There are 2 protein chains.
Amino acid sequence: MNISERKKKILAAVVDEYVRTAEPVGSKAIAERGELHCSSATIRNELAELVSLGYLEQPHTSAGRVPTPMGYRMYVNELMQKQKLSLEETEDINRRMNQKLRELDDTISDVSRLASQLTDYPALALTTRTAVTIKRFDIIYVDANTFIIVVLLSDNTVKNKLVRLPVSVDQKLVQRLSSLFNSGFTGITEDAVTPLLIKSTERAADDTMGVTSVIAAFAIEVLTQAAAPSAYVSGENRLLNQPEFRDPDKAHKLMGYLSGGGYILPPGENLNEAGEIKVLIGPENVAEELKDSSVVIATYDAGDNTRGMIGVVGPTRMDYSAVAEKLSILAAGLSRRLGGGEAPPEGMHNKLIIKGDTGHE
Amino acid sequence: MNISERKKKILAAVVDEYVRTAEPVGSKAIAERGELHCSSATIRNELAELVSLGYLEQPHTSAGRVPTPMGYRMYVNELMQKQKLSLEETEDINRRMNQKLRELDDTISDVSRLASQLTDYPALALTTRTAVTIKRFDIIYVDANTFIIVVLLSDNTVKNKLVRLPVSVDQKLVQRLSSLFNSGFTGITEDAVTPLLIKSTERAADDTMGVTSVIAAFAIEVLTQAAAPSAYVSGENRLLNQPEFRDPDKAHKLMGYLSGGGYILPPGENLNEAGEIKVLIGPENVAEELKDSSVVIATYDAGDNTRGMIGVVGPTRMDYSAVAEKLSILAAGLSRRLGGGEAPPEGMHNKLIIKGDTGHE
DNA sequence: ATTAGCACTCGAAAGGAAAGAGTGCCAACA
DNA sequence: TGTTGGCACTCTTTCCTTTCGAGTGCTAAT
């Protein structure tokens, strides 16, 4: 579907203006911007056509125009001018990110918080870990009743647990178990941890006190937990900044959905390539609760063939280009930190490739 | 200040009714409850006196009465009938708590989430760790570029970090460092980790690659982080359920304060004894943002002479007794899990001792 | 000391008029 | 054929007025 250059300019102006003011925008307001060199009457005609084409709509007969999801889609795909953050801003973001570099889980939730701060929208971060295995298994003997299990996972995170037993355990037994687990339980996924495997380990270790099953239970817990995607939501309260969520019921519904860790991506849909940005506008979302909100998602590379996503949620009237740019920087930073070998030079970040629905239903 | 039995009953009735309906309560409504055997006119007289005593107030001349903070204080201190949860409810709470028993940090945030669910108010949890030391130091050699630092702290939490170096390191060196740190860095607090100590460890280990300082940095980070109080906030969005926060600006302000980890307790004020409940009503709070909200706080014993608190925030019109009871169960459960040796029998929980301001300014 | 009765007050809800923003359309114009 | 000014029309928003009712305070009777 091709529309004239001028219509595109007008559509872009409507979106820009509406994003800024949250009020339906009228023909006069557009004419006064001075970009189009024509009168408000001309623009009125064009607006009427944009409405009948489905890009805009009128809340009521004598109001200004508001973009439809299809209008936003067009804007995101073609019209939006990629907002370039200034060098200082980019560096500021990177600096703030650098201050947080602990363990994976922490990093992710910190970055989600950062994303929310930067964009002033609620942000969420998901890790989708696939097929995690244990790379290494250690048991540290502390005293007769206490030992620490330390597990290194294939995604290079480390999990541990302090175990205190009501009975005394021989240091030798712990050492035997440590090496048995290290050979028997590494490189396998959760479903390979069978009762049979546990039994045979127990027998091999000559364990009569049931220590083996405690350790095996931890292995299972770790593998299960690591394989499950985890979600972090930050800054739900920023939703209340948006005029479209001044209705507490509406805000509450969406916030509840978000902090419940609701699904964002359409079920079957895969994450993008790292570095790409996905935009889901209003009804393009599957979740009922998101039907009149938009979601911008950046994918990062978490190494080990794993990807995660970081995104923000806001009204359809969202500053897509600013948000996309900021998320892109954050995702690039995460990829750099978590991802595989090659570390792109600081300050660089991935190209802004925007992907999403086509907008035609 | 003594007031008649009947006034107390009437005050209690006003609070109960107002908590339930969030509407100013009139004389007729109280008369119809049937507890006081007198007419609405009599109650009107009493109400007028309660107003002039400062326990109640009128939003405007011809409205019903609403409790003042002083009224709530009287209610909490003397009138409120300790709500006894049914056995099933208590057991349900304990069961749900039992499902979460991982590491300290997780437990706390899970319990905070649980508190929010149970009470339908935003909940927060604070740990105040004091003088944490390292109890044991282990370094696990993984390969020439990689090792894992595992640290057991005096509060029985375990912290770990995976270190990847750009240079190869000798396994012998790692072993030397492991035992040096285990003897030199245990039992000391953060400020005892001096550059001198690090230097001498480095020399003793014959470390020319700077590995020592990496490990020392982790030790410092762990000690700092463990000594810093951490706060978790859950369910901010539940605030929007309360009619007094239907104004999005009000809600936003408070939610922002909460998720910013704002202080709750008056600066100098100590936590209660474990098992006690503290109630801060409206202006009794120090933070400006909390001046017309109430906070209920339960203290738990985190073992090792450390206490933490778990609390909820809501409008002054809060169901104090139900909230206090639920928090009490949660705090007791936490004490049982985290606290020192003796484990009180399941299902039991600490007495409900309520403490707080006296309400006289 | 308690109660019934009644006039009074004040806010919330409902109705209605006026204002204003923006449109749609027509006729004139380049 | 595309553009423009003009103007009547529509529909919301805002403000004002009115009405309604809950609840009070006071007084007089018990």
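The model shown is predicted, which means the values in this text are computed figures rather than measured ones. Lettering follows sequence order; numbering is per chain, from 1.
Using a 4.0 Å cut-off between a side-chain N of Lys or Arg and a carboxylate O of Asp or Glu, Glu288(A) and Lys291(A) do not qualify as a salt bridge. Of the charged side-chain nitrogens involved, at least one lies within less than 4.0 Å of a carboxylate oxygen, so that Arg6(B) and Glu46(B) count as a salt-bridged pair.
For Leu56(B) and dG23(D), the CG to P distance is 15 Å, given to the nearest whole Å. Distance, Glu23(B) CD to dG23(D) C1': 13 Å, rounded to whole Å. What separates CD of Glu32(A) from P of dA21(C) is a distance of 12 Å, to the nearest Å. The interatomic distance linking Arg65(B) (CZ) with dG23(D) (C1') rounds to 9 Å, in whole Å. Here the P atom of nucleotide dG5(D) and the NZ atom of Lys28(A) are 13 Å apart, to the nearest Å. Rounded to a whole Å, the CD atom of Glu5(B) is 18 Å from the C1' atom of dA1(C). Atoms NE2 (His60(B)) and P (dG25(D)) sit 12 Å apart, rounded to a whole Å. Rounded to whole Å, the distance from CD on Glu46(A) to C1' on dG2(D) is 10 Å.
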Q: Verify side-chain hydrogen bond (donor to acceptor under 3.5 Å, both in side chains) between Ser234(A) and Ser112(A), making sure each step is shown before the conclusion.
A: CA-CA 6 Å; Ser234(A) 314; Ser112(A) 137; 2.4 Å; yes
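Annotation: of the two residues near DNA chain C, Pro24(A) and His37(B), the 5′-most nearest-nucleotide partner is His37(B). Between Thr61(A) and Asn45(B), the residue anchored nearer the 5' end of DNA chain D, judged by the nucleotide with its closest heavy atom, is Thr61(A).
Of all nucleotides listed (dG5(D), dG11(C), dG25(D)), dG25(D) comes nearest to the side chain of Gln58(B). Residue Ala41(A) has its side chain nearest to dG5(D) when only dG5(D), dG25(D), dG24(C) are considered. Nearest to the side chain of Leu47(B), among dT24(D), dC10(C), dT4(D), sits dT24(D). Distance from the side chain of Arg44(A) is smallest for dC25(C) among the nucleotides dT3(C), dC25(C), dG25(D). With dT3(D), dT12(D), dG25(D) as the candidates, the nucleotide lying closest to the side chain of Thr42(A) is dT3(D).
Within the 3.5 Å criterion, the main-chain N or O of Ser86(A) finds a donor-acceptor partner in the side chain of Glu89(A).
Residues Arg317(B) and Gln242(B) bring a donor and an acceptor atom of their side chains to less than 3.5 Å of each other.
For Ser62(A) against dT10(D), a side-chain N or O and a base N or O form a donor-acceptor pair under 3.5 Å.
Looking at heavy-atom distances under 4.0 Å, Ser27(B) makes contact with sugar-phosphate atoms alone, never a base.
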